[in-house]
Amino acid sequence: MIPAVPQKLLLAGFGAANQAAARSLLARGHDLIVFDDRSDAGVPGEGAGRSADSAAATLGLELEASPDAARLDTLVRSVGAVVPTPGLPHDHPVLAAAAAHGVATMSEFDLAAAWDSRPVAAITGTSGKTTVTETAAAALTASGVAAAAAGNNDLPLVSAIDRGDTEVFVVEASSFRLGHSRSFEPGTACWLNFGPDHLDVHGSLAAYEAAKASLWRRLPASGTAVANLDDPTVMSHLRADRASWTFSTGSAGAAWRLEDDMLTGPHGELVAVEELPRALPHDIANALAAAACAVAAGASIDGARRALRDCRPGAHRLQRIAVVGDVLYIDDSKATTPHATVAALRSFERVVLIAGGRNKGLDLSALRAAVATVRSVVTLGEAADELAAVFAGVRAVQEAPDMDSAVALAAAAAEPGDTVMLSPACASFDRYRGYAERGEDFSRAVAEHARSRISAA
């Protein structure tokens with residue numbers, strides 16, 4: 001049974017997600033205390049926007065700015081639950097205080113579950129969540145099922161449930177939200193893949209893995225798990241007592257699989273590889289996962305086919321920017337982990353890699369797994385020295401002070417037929433407000449480089 005939401009709650013951190021939670025809680029008559037460790041800006045990773053101070057004032061709330069441990073202890077003892085902002089570090093004093101006093105933590109997913117009983121399909125994974133979420137929602141819509149993509153995007157689930165016409169919510173479930181969830185029970189639960197990420201928040205790889213695996217621990221008896229047969233970590237958590245579908249690009253034993261050049265499911269052929277808008281290896285895996293999730297949640301096979309043919313990858317995900325002097329420029333700014341960058345590198349034959357930013361506590365040496373496709377490396381940002389050490393003695397490495405210099409150095413190192421790719425393997429918050437802003441800066445720098453070549457000709 002899903003527990004009721006207590007009357008009084010403490011919102012720990014006041015970025016975009018908890019601002020949405022506050023609006024929903026206030027609309028339902030709850031009493032709130034809010035604090036943020038930074039009163040002058042939203043929490044990194046939750047999107048740009050108004051400051052925590054002004055957002056609280058707009059809602060008629062008084063923000064407590066940077067309370068110390070003693071004050072947090074007092075606040076926790078005065079409430080029935082704590083709602084941590086996504087990305088709140090595992091060792092934050094408010095979490096220790098909640099544990100010490102037996103005060104529950106609740107995610108925005110828990111709040112939504114308490115208020116709304118409509119079906120939910122949830123997708124987690126280190127890479128590909130956004131693409132699979134959007135494609136699965138499109139497949140449901142194409143099947144005549146009103147679906148909304150929500151969660152770790154611009155539409156928090158606590159806001160999405162206010163849409164009365166939605167029949168199914170397709171939720172991008174980040175480890176940040178899952179890690180603090182206690183009663184979120186999606187009827188369809190997909191785990192795409194697993195690789196190290198967010199160790200700066202979760203504290204350890206085991207804790208990050210446990211957050212992901214919690215999606216299946218709470219799978220109801222009537223639910224369906226969708227699992228990547230090619231990922232041993234994912235498969236190690238698959239529950240034998242729940243219905244499941246597997247997907248694979250390499251195994252004929254999967255329910256959803258690639259057979260020759262055809263994507264195939266339990267109901268027969270779906271689409272040919274050539275019909276996909278883009279058919280890199282991870283695109284095929286994402287397409288199979290999206291079809292499986294959508295059909296499990298109520299989509300038709302025809303609806304899934306239409307979505308797979310029509311849904312195009314979002315911006316900053318191996319996005320073609322330009323061809324300049326027979327060199328292809330690719331924006332993969334969304335790749336904020338070595339896991340994602342390795343997948344990107346394996347999609348091309350010869351790459352001049354631009355990487356760097358703020359490391360999330362990850363082992364960047366994992367990038368060596370795809371070193372065969374790397375011709376040279378340009379580093380930038382806080383992790384420049386770490387990346388230089390990874391490739392030292394293996395590939396030529398140059399450090400750039402900014403994006404313009406990075407593009408210029410990469411262009412000079414590239415030969416006709418090469419790909420210059422921004423695939424940072426790191427977060428963007430050392431210099432940018434998010435990966436999108438970083439990708440846009442890369443595109444601007446490439447355009448400037450192209451113009452300079454034309455002027456010089």
Side-chain angles (χ1 to χ4, degrees), residues 109 113 118-129 131-137 139-140 143 145 147 149 151 168-175 177-179 181 183-195 208-259 262-271 281-282 284-301 303-305 307-308:
F109 289 173
R118 281 172 287 181
V120 171
I123 293 98
T124 197
T126 302
S127 304
K129 294 185 297 296
T131 297
V132 173
T133 298
E134 292 173 351
T135 306
L140 285 159
S143 304
V145 179
V168 178
F169 298 102
V170 185
V171 175
E172 181 179 343
S174 69
S175 62
R177 286 166 168 84
L178 290 175
S181 295
S183 55
F184 177 57
E185 298 180 351
T188 301
C190 173
W191 191 351
L192 297 172
N193 45 53
F194 182 78
Y208 174 58
E209 183 177 338
K212 293 292 190 186
S214 69
L215 183 67
W216 285 344
R217 285 201 302 272
R218 290 186 293 272
L219 188 67
S222 59
T224 300
V226 178
N228 183 353
L229 186 60
D230 300 329
D231 191 309
T233 300
V234 170
M235 292 301 295
S236 72
H237 291 277
L238 187 62
R239 294 182 58 170
D241 63 343
R242 294 292 186 268
S244 63
W245 268 338
T246 56
F247 66 92
S248 170
T249 59
S251 174
W256 300 81
R257 60 199 179 274
L258 180 65
E259 290 187 354
M262 183 67 65
L263 278 67
T264 302
H267 309 90
E269 295 180 345
L270 285 167
V271 296
H282 68 276
I284 297 171
N286 287 343
L288 290 166
C293 288
V295 172
S300 67
I301 297 300
R305 288 192 184 106
L308 296 187

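Remember, it's a predicted structure, so these values are computed and weren't measured experimentally.
- You'll find the side chain of Leu258 reaches within 4.5 Å of the side chain of Leu263, heavy atoms only.
- Using a 4.5 Å heavy-atom cutoff, the side chains of Thr249 and Pro281 are not in contact.
- Shortest non-hydrogen contact noted between Ala149 and Thr133 is CB-CG2, 3.9 Å.
- Under a 3.5 Å cut-off, the side chain of Ser251 and the backbone N or O of Gly253 do form a donor-acceptor pair.
- Under the 4.5 Å side-chain criterion, counting only non-hydrogen atoms from C-beta, Thr135 is not in contact with Asn286.
- Nearest heavy atoms, Ser143 versus Ser300: OG-N, 2.9 Å.
- Remark: side-chain polar atoms of Asn193 are paired, donor with acceptor, to backbone N or O of Ser127 under 3.5 angstrom.
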Walk me through it: do Met235 and Asn228 pass the test side-chain contact (heavy atoms from CB on, under 4.5 Å)? CA-CA 7 Å; Met235 292 301 295; Asn228 183 353; over 6 Å; no
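- The two residues Val170 and Ala136 have their closest heavy-atom pair at CG1-CB, 4.1 Å.
- Between Trp256 and Leu270 the shortest side-chain heavy-atom distance falls below 4.5 Å.
- Arg242 places a side-chain N or O within 3.5 Å of a backbone atom of Leu219 that can act as its donor or acceptor partner.
- Ring planes of Trp245 and His267: perpendicular class, angle over 60° (limits at 30 and 60°).
- Looking at every heavy atom in both residues, Leu140 comes nearest to Ala294 through CD2-O, 3.7 Å.
- Using a 4.5 Å heavy-atom threshold, the side chains of Glu259 and Glu269 count as separate.
- Atom OG of Ser222 sits about 9.0 Å away from atom CD of Glu185, to the nearest 0.5 Å.
- With contacts defined as side-chain heavy-atom distances shorter than 4.5 Å, the pair Glu172/Ile123 does not qualify.
- The CG atom of Leu229 lies 10.0 Å from the OG atom of Ser244; values are rounded to the nearest 0.5 Å.
- Taking 4.5 Å as the limit, some side-chain heavy atom of Tyr208 sits within range of a side-chain heavy atom of Thr126.
- For the atom pair CD of Glu209 and OG of Ser175, the computed distance is 12.0 Å after rounding to the nearest 0.5 Å.
- With Arg257 contributing its side chain and Ala255 its backbone, the two residues share a donor-acceptor pair below 3.5 Å.
- Smallest separation of non-hydrogen atoms from Pro186 and Pro220: O-CD, 3.4 Å.
- By the 4.5 Å heavy-atom criterion applied to side chains, Val120 and Phe109 are not counted as neighbours.
- Side chain of Trp191 to main chain of Ala213: no donor-acceptor pair is present (N/O by atom type, distance under 3.5 Å, no hydrogens or angles).
- Closest of all the heavy-atom pairs between Val226 and Trp216 is O-CZ2, 3.4 Å.
- Note that CG of Leu178 and CZ of Arg217 are 9.5 Å apart. Values are rounded to the nearest 0.5 Å.
- Under the 3.5 Å distance criterion, the side-chain polar atoms of Thr124 are matched with a main-chain donor or acceptor of Ala173.
- The distance from the CG atom of Leu288 to the CG atom of Leu308 is 8.0 Å, given to the nearest 0.5 Å.
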